[in-house]
Student: 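This is the structure I have questions about; it appears just below.
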Amino acid sequence: MMSLSLPRHHLLLPKPRLGWKPSSKVCLGFGLTAGKRASFQVKFAKRSEDRIREALATTPKVELSVSSYDTAWVAMVPSPEFPECPCFPKFVDWILENQQPDGSWGFYHLHPCLIKDALLSTLACILALKRWNAGEEHIKRGLCFIGSNFVLAIDEHLLAPVGFNIIFPGLVEYAIDMELKLPVKQSDIDAVLYLRNLELERSGHTREGKKAYLAYVAEGLGKLLDWQEIMKYQKNNGSLFNSPSTTAAAMIYSQNAKALEYLCSLEQKFGDSVPTSYPVSMHGQLCSIDNFEKFGISQHFKYEIKSILDQTYRCWVQKVEELMSNISTCALAFRLLRMNGYDVSSEYLAQYDEKSTFDNSMEGYLKDVNAVLELYKASQVKIFAEEEVLDKLKSWTSHFLREELSTYMTNDHRNVFKEVDYALKFPFYANLDRLEHKKNIEQCYIEDFQILKTAYMWAKKNKLDQLKFARQKVAYCYLSAAATIFSPEASEARMSWAKNGVLTTVVDDFFDIGGSREELQSLILLVEKWDGNHEQIHCSELVNIIFSALRSTINDLGTKASALQNRNVTDHMVKIWLSLMNSMMEEAEWLRNNAVPTLDEYMENGYVSFALGPIILPALYFVGPKLSEDVVQDPEYQNLFRLVSTCGRLLNDIHSFEREGKEGKLNSVALRILHSNGSVSEEEAKRETMNLIDSTRCELLRMVLQSKSSVVPRTCKEFFWNMSRILHLFYMRTDGFSSPKEMMSAVNAVIYEPLDVSHLLSKCALEL
């Protein structure tokens with residue numbers, strides 16, 4: 001069944017199954033649980049890739065875990081022709097053959113926290129045996145287990161399957177009606193029944209949401225329900241929520257023919273027992289893909305992932321019930337499909353863009369934080385400035401999550417709340433992969449430290465450390481590369497990115513404060529002549545240091561890149577630098593002459609002077625795909641660069657407005673105010689700038705994700721998007737790049753600190 005979580009202090013689990021976890025986690029369907037990231041890492045390392053691929057297959061070959069609880073409910077279904085006999089006798093035999101030595105059924109022997117699961121499973125199996133007068137000794141041993149542990153059923157601090165406070169009391173009443181003598185005090189029975197009454201009396205946001213929830217746990221309410229109303233939730237395959245247990249109860253109470261067909265299909269497929277849910281949830285497969293992308297291992301399963309996403313896209317176009325009727329599945333599918341280049345419209349999420357719609361659902365009744373978190377994540381994947389559906393989604397989901405976080409974070413440390421906190425602090429467009437999944441740091445931090453050390457030595461060798469006017473940002477520049485370009489084969493791209501990042505910082509500071517007008521002109525002239533005679537150009541020591549570092553670095557990178565591209569690309573690298581310096585010179589002349597450019601003039605020059613060209617564009621030559629001159633000159637290539645640079649320039653302008661104002665410099669925020677003749681305030685100018693950043697980022701993401709008529713390879717386009725994410729992180733609260741301390745925690749996390757999983761190893765051993 002779907003994993004849902006009740007509000008307040010409940011830690012709820014799906015109906016009993018092997019390897020179940022709190023609803024913030026996902027079962028991959030073969031006994032491997034993807035929950036805590038480190039736990040997944042250890043498990044993944046112990047599973048072969050072939051096993052993972054079988055689980056990811058659109059028609060999985062792996063065996064699903066047996067659910068004692070669901071098997072017991074199917075075993076209770078009477079034969080339509082002979083009601084005194086079981087319809088599925090082999091299921092009764094399975095129960096007889098699979099009792100644990102302690103008298104329980106289920107997986108309590110794996111971990112004590114599974115006690116409520118065991119109580120449900122054991123009592124259901126006892127009822128199935130009693131229903132057909134089978135296994136008298138099995139029943140005695142089972143009742144002994146129930147009696148020894150019954151008091152734990154009312155412990156609200158223990159993990160519990162979804163609907164436990166309704167289903168377990170219902171099973172207790174069934175047992176009493178069947179004249180089973182439970183070795184339990186009447187006061188404890190009364191306490192359990194009281195919990196059910198509390199749950200039934202609890203008011204939800206809407207009557208519809210509560211009705212859906214009661215249908216979800218209908219087997220615990222039996223004759224108290226109108227089963228004709230419950231059957232309104234029946235799926236096309238005949239099941240209720242793809243749950244064998246709930247569907248078996250429907251067959252028992254309503255004699256529904258389609259429900260019987262579903263159960264018969266399970267017997268034909270699985271033989272003498274059933275899993276907790278069938279067919280395998282599309283949501284589970286999508287969560288597997290999402291986890292693989294988070295952990296940075298999706299490249300190992302490209303074919304399998306594409307196969308699942310292709311099938312999901314077909315379901316999306318056809319508006320398949322399973323995909324569209326479940327909030328989490330619909331939101332997750334939208335996000336994964338759009339981020340992987342599929343053409344999906346946000347209008348499909350319009351059914352959830354109002355909080356009232358959520359309140360009217362079962363997830364809303366249960367205040368399902370996971371479902372809202374998925375909607376919030378989906379709302380951020382905007383590729384058009386005017387996507388009102390996503391704007392409305394983001395508005396109410398962010399408010400809901402902040403309220404839940406402030407209310408329960410102090411006394412509830414579930415992973416889901418930690419994930420909510422992280423998601424609210426770091427939107428996906430301001431998040432770096434290596435900061436999100438430290439698994440890769442565990443594998444790569446030694447290499448990163450060595451390369452960073454090499455970068456420092458390179459800076460010292462080129463005397464860049466002697467330039468007192470320049471900000472020393474080697475670590476920051478390498479952070480931006482290592483946090484997003486982390487595959488082992490991309491070391492040259494990382495080094496190109498980092499070295500050019502350091503050089504652009506030096507040159508930017510030189511044009512800002514370090515050099516005279518004559519020195520700036522000399523540096524530009526040296527770059528223009530590049531391979532010509534430089535002896536006739538009189539240069540200061542500062543110019544010589546900077547040009548020498550530029551020339552040696554660009555020639556070295558150009559030689560390596562030219563070999564990979566099978567053509568000369570050094571000239572292109574030089575042109576990128578020359579364009580940057582000319583734009584910086586233009587800004588220096590504006591400042592020197594007290595000139596006031598128009599906003600359009602400023603932006604046309606400013607996106608180049610922001611200095612991303614030398615960082616991103618040369619690195620693309622090291623990614624792998626061949627980039628012909630036609631690709632480099634294509635409008636798509638130029639637009640990608642313009643968009644990411646515009647985002648960076650505007651983010652910088654917002655956070656440097658006050659500092660640059662004191663220095664007598666103009667930026668886009670100041671120009672908006674100045675050219676408005678006093679009609680635009682500072683606050684309004686910043687708000688207009690933020691709106692332009694949002695629309696520019698949407699356009700950039702749309703270009704990165706589109707595949708139709710695209711000439712720039714996807715792997716190259718992702719460099720532009722990754723740079724945008726870096727910029728949003730650096731400028732999230734202030735000018736993080738200029739600050740000496742703002743980003744040091746991120747530097748330490750990515751480069752120096754390994755992932756500490758020692759405290760999880762014992763848990764992993766138990767779970768495996």
Side-chain angles (χ1 to χ4, degrees), residues 1-14 21-26 35 162 202-206 208-210 212-213 216 241 281-284 286-287 290-291 294 323-336 338-339 346 348-382 387-429 431 436:
M1 269 196 162
M2 298 176 291
S3 298
L4 300 171
S5 53
L6 281 173
R8 307 298 178 252
H9 305 296
H10 294 272
L11 289 176
L12 292 178
L13 313 168
K21 293 289 175 182
S23 58
S24 59
K25 303 179 182 179
V26 183
V162 172
R202 181 169 69 88
S203 60
H205 291 287
T206 64
E208 287 302 315
K210 187 170 185 176
Y213 170 65
Y216 186 80
F241 309 103
S281 170
M282 185 183 297
H283 183 259
L286 293 174
C287 283
D290 192 33
N291 280 321
K294 288 179 183 177
L323 183 61
M324 295 300 171
S325 63
N326 181 272
I327 294 176
S328 296
T329 306
C330 187
L332 180 56
F334 171 79
R335 175 165 59 88
L336 290 178
R338 177 167 277 193
M339 288 303 296
S346 58
Y348 283 63
L349 295 177
Q351 57 183 322
Y352 307 121
D353 66 1
E354 297 288 349
K355 186 174 182 295
S356 58
T357 305
F358 172 75
D359 293 340
N360 205 35
S361 67
M362 176 169 57
E363 291 90 343
Y365 175 74
L366 296 175
K367 301 186 75 173
D368 185 359
V369 173
N370 291 284
V372 180
L373 180 58
E374 283 298 346
L375 286 173
Y376 173 72
K377 290 179 179 179
S379 73
Q380 297 181 45
V381 192
K382 283 184 64 176
E387 286 195 282
E388 186 179 357
V389 168
L390 298 186
D391 291 334
K392 293 169 71 175
L393 263 181
K394 183 179 179 181
S395 177
W396 79 257
T397 56
S398 59
H399 179 74
F400 176 95
L401 293 173
R402 286 191 176 91
E403 280 194 339
E404 291 295 299
L405 191 64
S406 63
T407 304
Y408 305 118
M409 187 62 176
T410 55
N411 51 28
D412 191 343
H413 298 289
R414 277 182 289 173
N415 277 358
V416 63
F417 283 108
K418 294 177 182 178
E419 189 174 355
V420 167
D421 186 47
Y422 188 86
L424 291 173
K425 287 180 179 177
F426 300 99
F428 94 108
Y429 56 79
N431 188 18
E436 186 179 2

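Here the structure is a predicted model, which is why all the values come from computation and not from measurement. Side-chain atoms are counted along with the backbone in the values below, which use heavy atoms only and exclude waters and symmetry mates.
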Student: Atom CD in Glu388, atom CG in Leu393: separation rounded to 0.5 Å?
Tutor: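 Separation between the atoms: 11.0 Å.
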
Student: Can you name the residues that form a side-chain hydrogen bond (donor to acceptor under 3.5 Å, both in side chains) with Ser346, not counting sequence neighbours?
Tutor: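 Partners of Ser346 by the side-chain hydrogen bond (donor to acceptor under 3.5 Å, both in side chains) criterion, ordered by chain and then number, come out as Glu387.
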
Student: Applying side-chain contact (heavy atoms from CB on, under 4.5 Å), name anything that partners Glu354, two or more places apart in sequence or on another chain.
Tutor: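 Partners of Glu354 by the side-chain contact (heavy atoms from CB on, under 4.5 Å) criterion, ordered by chain and then number, come out as Ser356, Thr357, Lys392.
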
Student: Kindly give the heavy-atom pair with the smallest separation between Met324 and Cys330, and that separation in Å.
Tutor: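 Heavy atoms only, the tightest pair is SD-SG, 3.9 Å.
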
Student: According to side-chain hydrogen bond (donor to acceptor under 3.5 Å, both in side chains), who are the partners of Lys394, at least two apart in sequence or on a separate chain?
Tutor: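 Partners of Lys394 by the side-chain hydrogen bond (donor to acceptor under 3.5 Å, both in side chains) criterion come out as none, since no residue qualifies.
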
Student: Between Arg335 (side chain only) and Lys377 (backbone N and O only), is there a donor and an acceptor less than 3.5 Å apart?
Tutor: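 Checking the backbone N and O of Lys377 against the side chain of Arg335, no donor-acceptor pair under 3.5 Å is found.
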
Student: Check the orientation of Trp396 and Phe358. Use parallel for under 30°, tilted for 30 to 60°, and perpendicular for over 60°.
Tutor: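 Taking Phe358 first and then Trp396, their aromatic rings sit tilted (interplane angle of 30° to 60°).
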
Student: Can you tell if the side chain of Val420 reaches within under 4.5 Å of the side chain of Glu404, non-hydrogen atoms only?
Tutor: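 No, side chains not in contact.
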
Student: Enter the distance from His283:NE2 to Asp290:CG here, rounded to the nearest 0.5 Å.
Tutor: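 Here the rounded value is 9.0 Å.
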
Student: Ignoring hydrogens, what is the shortest heavy-atom contact between Ala371 and Ser328? Give both atom names and the distance.
Tutor: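 Heavy atoms only, the tightest pair is CA-OG, 3.3 Å.
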
Student: Could you tell me the separation between the OG atom of Ser398 and the CG atom of Leu405, rounded to the nearest 0.5 Å?
Tutor: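 Spacing of OG (Ser398) from CG (Leu405) equals 12.0 Å.
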
Student: Let me confirm one number: the CG-NZ distance from Asn360 to Lys355, rounded to the nearest 0.5 Å.
Tutor: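 Nearest 0.5 Å value for the CG-NZ distance: 11.5 Å.
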
Student: Distance check, rounded to the nearest 0.5 Å: Tyr213 atom OH versus Glu363 atom CD?
Tutor: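 Rounded to the nearest 0.5 Å, the OH-CD separation comes to 13.0 Å.
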
Student: Apply ring pair (Phe, Tyr, Trp, His ring centres under 6.0 Å) to Tyr352 and list each qualifying residue two or more places apart in sequence or on a separate chain.
Tutor: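 For Tyr352, no residue satisfies ring pair (Phe, Tyr, Trp, His ring centres under 6.0 Å) once neighbours in sequence are set aside.
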
Student: Hey, does the side chain of Ser395 reach the backbone of Asp391 with a donor-acceptor pair shorter than 3.5 angstrom?
Tutor: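 Not at all, since once roles are kept as given, no pair shorter than 3.5 Å links the two residues.
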
Student: Using the ring pair (Phe, Tyr, Trp, His ring centres under 6.0 Å) criterion, which residues pair with Tyr376? Sequence neighbours excluded.
Tutor: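 Here no residue qualifies.
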
Student: Within a strict 4.5 Å, meaning less than it, do heavy atoms of the Ile327 and Glu374 side chains meet?
Tutor: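 Side-chain contact under 4.5 Å: no.
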
Student: With Ser325, which residues qualify under side-chain contact (heavy atoms from CB on, under 4.5 Å), at least two apart?
Tutor: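 Residues passing side-chain contact (heavy atoms from CB on, under 4.5 Å) with Ser325: Lys235, Glu321.
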
Student: Grab the two heavy atoms, one from Ala378 and one from Ala331, that are nearest each other, plus how far apart they are.
Tutor: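 Result for this residue pair: CB-O, 3.7 Å.
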
Student: If you round to the nearest 0.5 Å, how far is CG of Asn370 from CG of Leu375?
Tutor: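 It is 11.0 Å, given to the nearest 0.5 Å.
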
Student: Is there side-chain contact between Leu390 and Leu349, with heavy atoms separated by less than 4.5 Å?
Tutor: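 Sidechains of Leu349 and Leu390: in contact.
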
